[in-house]
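Notes follow once the structure below has been shown.
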Amino acid sequence: MKISLGNGLSFLAISTLLVGCQATDLSEEKNLENETSQETTDKRVEKSEHGHNHSHDEKKDNIYAGYFKDSQVQHRALSDWDGDWQSVYPYLEDGSLDEVFTHKAEHEGKKSAEDYKEYYRVGYQTDVDRIVIKEDTITFYRGEKEVKGQYIYDGYEILTYEAGNKGVRYIFKLKEETQGLPQYVQFSDHIISPKESDHYHLYWGNDRQTLLEEVNNWPTFFPSGMSGHDISHDMISH
């Protein structure tokens, strides 16, 4: 995996504004980034075993198919992820996403529906059930417990995989150390330039480099107003 830091960190001043797709059995970050690369030719993001496919044109809506020029990548502000977001993990656990795994088994044929479910159980697993992002503040919710802090832009990383496809992580750093908050959060939403996100995969922790190498667990968040049924059908329609 080759990693290159985005240029132009002068954007940092602007972004004081400011929360898991490809070769089978490779990491989900590969799967994540490749879910748009192979599956994109069939439908709408990062092919592989990710819960949804994306087949927009590589240049349409700033969404990429795993293959793009580094020069196409642009800086983004935390406002691109503004909103109230919910984890999809509870919907996997209560069976709401079962039809997604059945659909994948029937149309991809690489695994059984149950095998897909177990695969995504590892990928989606998280104890953070809700995230609210407003201006430069991210609030993490674990049940009734919440903790929030200000995050500032820390550039983007372009990840290049052995298969040749690529992905982008947009990174934000905690402005002031706060107990219970991760030092870094990294967004991956299959978009490579300024645009409001409609869902995302989030990586968080205290080591920037280690997070870039995380490819097995990719908590995924959709708008809190969506039901499990809505999310399931969104994943299938993509």
Side-chain angles (χ1 to χ4, degrees), residues 1-20 26-33 46 50 73 75-90 120-161 166-191 197 199-222:
M1 177 186 295
K2 182 177 74 176
I3 302 173
S4 59
L5 176 62
N7 296 322
L9 288 182
S10 58
F11 180 81
L12 182 60
I14 303 176
S15 297
T16 313
L17 308 174
L18 244 189
V19 120
L26 288 181
S27 67
E28 170 59 13
E29 175 68 16
K30 282 178 159 184
N31 287 334
L32 231 160
E33 306 297 345
E46 284 174 0
H50 206 50
V73 181
H75 295 289
R76 298 170 68 189
L78 190 61
S79 57
D80 276 3
W81 295 275
D82 260 9
D84 194 320
W85 306 90
Q86 62 178 325
S87 166
V88 302
Y89 184 60
Y120 283 98
R121 176 174 278 116
V122 174
Y124 290 156
Q125 188 169 21
T126 178
D127 63 350
V128 174
D129 46 39
R130 180 185 173 208
I131 290 175
V132 174
I133 302 174
K134 185 176 182 180
E135 297 179 348
D136 64 349
T137 300
I138 300 179
T139 305
F140 293 83
Y141 291 83
R142 293 175 172 87
E144 297 300 314
K145 184 179 179 181
E146 66 177 81
V147 59
K148 63 182 177 181
Q150 293 179 301
Y151 283 81
I152 58 177
Y153 187 57
D154 196 46
Y156 60 75
E157 298 281 1
I158 297 174
L159 309 183
T160 301
Y161 305 110
K166 300 191 293 186
V168 180
R169 295 272 189 96
Y170 287 94
I171 305 170
F172 295 84
K173 182 178 181 179
L174 187 62
K175 186 174 182 180
E176 296 182 4
E177 186 173 350
T178 304
Q179 185 174 5
L181 283 177
Q183 190 73 17
Y184 294 95
V185 293
Q186 300 182 358
F187 292 87
S188 176
D189 61 359
H190 327 298
I191 301 173
S197 185
H199 77 276
Y200 56 85
H201 316 285
L202 193 67
Y203 306 77
W204 62 82
N206 297 323
D207 188 304
R208 192 180 193 278
Q209 181 60 36
T210 297
L211 280 181
L212 291 171
E213 298 167 2
E214 171 56 70
V215 292
N216 297 312
N217 176 238
W218 17 271
T220 299
F221 294 83
F222 274 74

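No close placement of the Phe187 and Tyr170 rings is indicated, their centers lying 6.0 Å or farther apart. Taking the six-membered ring for Trp, Trp85 and Tyr200 have ring centres closer than 6.0 Å.
Between the OG1 atom in Thr139 and the CD atom in Glu146 there is a gap of 6.0 Å [rounded to 0.5 Å]. Taking CD1 of Ile131 as the start and NZ of Lys148 as the end, the distance is 15.0 Å to the nearest 0.5 Å. One distance of note links CD of Glu157 with CD of Gln209; it measures 7.0 Å at 0.5 Å rounding. One finds the CD1 atom of Ile133 at 5.0 Å from the CD1 atom of Ile138 (value rounded to the nearest 0.5 Å). The distance from atom CG of Asp136 to atom OH of Tyr153, rounded to the nearest 0.5 Å, is 15.5 Å.
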Original post:
Going through the checks in order, is the side chain to side chain contact (heavy atoms under 4.5 Å, CB included) test met by Asp189 and Arg76?
Top reply: CA-CA 12 Å; Asp189 61 359; Arg76 298 170 68 189; 2.9 Å; yes

**OP:** Output, in order, the C-alpha distance, side-chain angles, deciding distance and verdict of side chain to side chain contact (heavy atoms under 4.5 Å, CB included) for Tyr141 and Asp129.
**Re:** CA-CA 6 Å; Tyr141 291 83; Asp129 46 39; 3.8 Å; yes

Subject >> Working for side chain to side chain contact (heavy atoms under 4.5 Å, CB included), residues Ile171 and Leu212 >> reply: CA-CA 10 Å; Ile171 305 170; Leu212 291 171; 4.3 Å; yes

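At a cut-off of 3.5 Å, with distance as the only test, no side-chain donor of Ser188 or His201 sits close to an acceptor on the other residue. For the residue pair His75 / Tyr156, no side-chain donor-acceptor distance below 3.5 Å is found, with atom types taken as modelled.
In this structure the side chain of Leu202 reaches within 4.5 angstrom of the side chain of Val185, judged on heavy atoms. With contacts defined as side-chain heavy-atom distances shorter than 4.5 Å, the pair Asp207/Glu213 does not qualify. In this structure the side chain of Lys166 never reaches within 4.5 angstrom of the side chain of Leu159, judged on heavy atoms. Between Tyr89 and Thr220 the shortest side-chain heavy-atom distance does not fall below 4.5 Å. For the pair Val73 and Ile158, the minimum side-chain heavy-atom distance is below 4.5 Å. The shortest side-chain heavy-atom distance between Leu181 and Phe140 falls under the 4.5 Å cut-off.
The two residues Pro182 and Gly205 make their nearest non-hydrogen contact at CB-N, 3.6 Å. The minimum heavy-atom distance linking Val128 with Ser87 is given by the pair O-CB, 3.4 Å. Residue Arg130 comes nearest to Asp84 through the heavy atom pair NH2-OD2, 2.6 Å, listed as atom of the first residue, atom of the second, then distance.
Residues Asp127 and Lys145 are not paired through a salt bridge, judged by the lack of any N-O separation under 4.0 Å between the basic side chain and the carboxylate.
Put simply, the side chain of Asp154 never gets that close to the backbone of Phe172: no donor and acceptor are under 3.5 Å apart. In this structure a side-chain-to-backbone donor-acceptor pair under 3.5 Å is present from Asn217 to Gln125.
Here Leu211 pairs with Tyr184, Gln186, Tyr203 under the side chain to side chain contact (heavy atoms under 4.5 Å, CB included) rule; sequence neighbours left out. Applying the salt bridge (charged side-chain N to carboxylate O under 4.0 Å, His left out) rule to Asp82 yields no partners; only residues at least two apart in sequence or on another chain are considered.
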